[in-house]
Amino acid sequence: MLDIRLFREQPDFVKEGLLKIGVAPATVDEVRGLDERVRALKTDAEAKKAQLNSANKAMGKASPEERETKRAELRAEGDAINSLDAQRAEIERELQKRLLDIPNLPHEKVPVGKDEHDNSVVRTVGTPRSFDFTPRPHWEIGEKLGILDLERGVKISGSRFYVLRGAGAALQRALITWMLDIHIEKHGYTEVYTPFVVKEECLYGTGNLPKFADNLYHDVEEDFWLVPTAEVPVTNLHRDELLEASALPLHYVAYTPCFRREKMSAGRDVRGIKRGHQFDKVEMVKLCAPESSDAELELLLDNAEDVCRALEIPYRVVLVCTGDKTFSSAITYDLELYAPASKGEEGAEWLEVSSCSNFRDFQARRANLRYRPEPGAKPEFVHTLNGSGLALPRVMIAILENYQNSDGSVTIPPVLRPYMHNRVLITA
RNA sequence: GGAGAGAUGGCUGAGUGGUCGAAAGCGGCUGCCUGCUAAGCAGUUGUAGCCCGCAAGGGCUACCAUGGGUUCGAAUCCCUUUCUCUCCGCCA
């Protein structure tokens, strides 16, 4: 959520930023109009309340007869105030609704663009391997090796679900443990294990609600929502807290499954395991002081890249443009692993395995995440960041396709072997 | 799941209709004092919003888990929800 004061004090700045992400400048004027009406009603009601309060105080000392005569009058005044308050509350709700619906302003570094074609490739690392045979897509490799069972996934849970089996399941588990270990031991993050279901208010905190409810699963009877990413529970860990400056920055890493309805992407990426309703992810989340969030993002990105480098799979870093950035993010780098056959007949593609974002105070304001810059100073909102490190299915795809051999076997990347009983090869 | 108890400021804890934004203690901060180290004395100390003022500062409003209700007036009475604790049941 954007600061309402920004609308009051720098409306043109807000309009300019919103224009870049396709939000009509008129929105700013509408918000300001609502805000002014709320404040006018509030000032009016407060003045009347002050009068009534002192009249009520006098009643305490008044004689019973005096009370009788004044009672009706005071009651009428109270009713008048209540109706002012009711009006104000309604406009305030409308204002709040509008504010919750407005995306974050883009960081000054974000290139202006319409969609993902306008994203800019920051760097490409590694060279795609050249094959002396036609590389197969992961679903063929996996099914032939008996480590991926798409059909039975569909049988037990429906489309966009799959089953990993034997070395496939072990490979994923090895990846999770290995990635956690890198971030914990090498990059200094604190591991957290969180619930995989959260309350509705957490999703408001990160910005998934109210706008993106149709991509979330939730229990119909309880206030339980399946997490679409560990970002949600971990960012909300310190919700409604006032942190000391010395506690920052906080660096967390968490493994969770992620649940997404993928309603909007019906028909996209239907082959293989690229896009499912359930997938696993290791996620890094940071809370820091505003002045260090730019630097923290670069570090976060490097921490995620470190995983790609260690896997020795070519990848590229993409700076996401204004038209493609997500609702809550101010700036996002995507990390894409090379997959030589992921598009089947059409060949290679770059698979998005990580999104590293700085949300600045956008989520912090929604989730009420504050810190005290100095002892005695006024509390301020922290900045929040997060980045995948990394998303499992697509890493699995990249490993299967990049490390495949002509006989259909798959070589296990060297860094993962200690996590797989020193196994070197996955064979049928 | 059943029965009961509870939720007050940074913490402990008093407060059952008006003088309560809330006693007291602890903690924090400021000053004073003392050669027996940490104590004594005094003062001060919640959050947010709005308004006035160049400022220092001042005023008003709201907040005693949450949301409603009763009342001229609610921390206090009634109801809802959430959470915590105790006992019972069930259980990896």
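All chains are named by letter (A, B, ...) in the order of the sequence lines, taking the proteins before the strands, and each is independently numbered beginning at 1.
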Undergrad: Looking at D101(A), is its backbone amide N or carbonyl O close enough to the side chain of K211(A) to form a donor-acceptor pair, meaning the two atoms are under 3.5 Å apart?
TA: yes
Undergrad: Could you list the residues that satisfy side-chain hydrogen bond (donor to acceptor under 3.5 Å, both in side chains) with K114(A), not counting sequence neighbours?
TA: none
Undergrad: Can you tell me how far C1' of G10(B) sits from CD of E241(A), to the nearest Å?
TA: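 To the nearest whole Å, that distance equals 14 Å.
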Undergrad: Suppose we screen for salt bridge (charged side-chain N to carboxylate O under 4.0 Å, His left out). Which residues come up paired with K97(A), at least two apart in sequence or across chains?
TA: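 Checked K97(A) against salt bridge (charged side-chain N to carboxylate O under 4.0 Å, His left out); zero matches.
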Undergrad: Any N/O pairs under 3.5 Å between the protein and nucleotides 59-67 of chain B? List them or say none.
TA:
unit_1 : atom_1 : unit_2 : atom_2 : d
U61(B) : OP1    : N53(A) : ND2    : 3.1

Undergrad: Applying salt bridge (charged side-chain N to carboxylate O under 4.0 Å, His left out) as the test, list every pair that has at least one member in residues 354-363 of chain A; sequence neighbours left out.
TA: E108(A)-R360(A), D361(A)-R365(A)
Undergrad: Can you check the K199(A) NZ to U82(B) P distance for me, whole Å?
TA: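 To the nearest whole Å, that distance equals 10 Å.
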Undergrad: Quick one: N82(A) CG to U71(B) P, roughly how many Å, whole number?
TA: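 Value for this atom pair: 12 Å.
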Undergrad: Hey, which sits more toward the 5' end of RNA chain B by its nearest nucleotide, R5(A) or R75(A)?
TA: R5(A)
Undergrad: R88(A) has an atom CZ; how far is it from atom C1' of G49(B), in whole Å?
TA: 10 Å
Undergrad: Could you tell me how far apart R365(A) (CZ) and A48(B) (P) are, to the nearest whole angstrom?
TA: 14 Å
Undergrad: Would you mind listing every ring pair (Phe, Tyr, Trp, His ring centres under 6.0 Å) that reaches into residues 153-172 of chain A, with sequence neighbours excluded?
TA: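 Only F161(A)-H277(A) qualify under ring pair (Phe, Tyr, Trp, His ring centres under 6.0 Å).
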Undergrad: Can you tell me how far P of U19(B) sits from CE of M59(A), to the nearest Å?
TA: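 After rounding, the gap between these two atoms is 14 Å.
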Undergrad: Can you measure D85(A) atom CG to G69(B) atom P for me and round it to whole angstrom units?
TA: 11 Å
Undergrad: Side-chain contact test, heavy atoms from C-beta onward, threshold under 4.5 Å: evaluate it for E241(A) versus R370(A) and give yes or no.
TA: no
Undergrad: Between G73(B) and G17(B), how far apart are the two C1' atoms, rounded to whole Å?
TA: 8 Å
Undergrad: Can you run down the side-chain hydrogen bond (donor to acceptor under 3.5 Å, both in side chains) pairs that involve residues 386-399 of chain A, sequence neighbours left out, and say none if there aren't any?
TA: E231(A)-N386(A)
Undergrad: Measuring only the C1' atom in each nucleotide, how far is G68(B) from U80(B)? A whole number of Å is fine.
TA: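 Between the two C1' atoms, the distance is 7 Å.
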Undergrad: Could you pick out which residue, G60(A) or T43(A), lies toward the 5' side of RNA chain B when each is mapped onto its nearest nucleotide?
TA: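 Between the two, 5'-proximity favours G60(A).
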Undergrad: Measure CD/E65(A) against P/C72(B) and give the value in whole Å, please.
TA: 17 Å
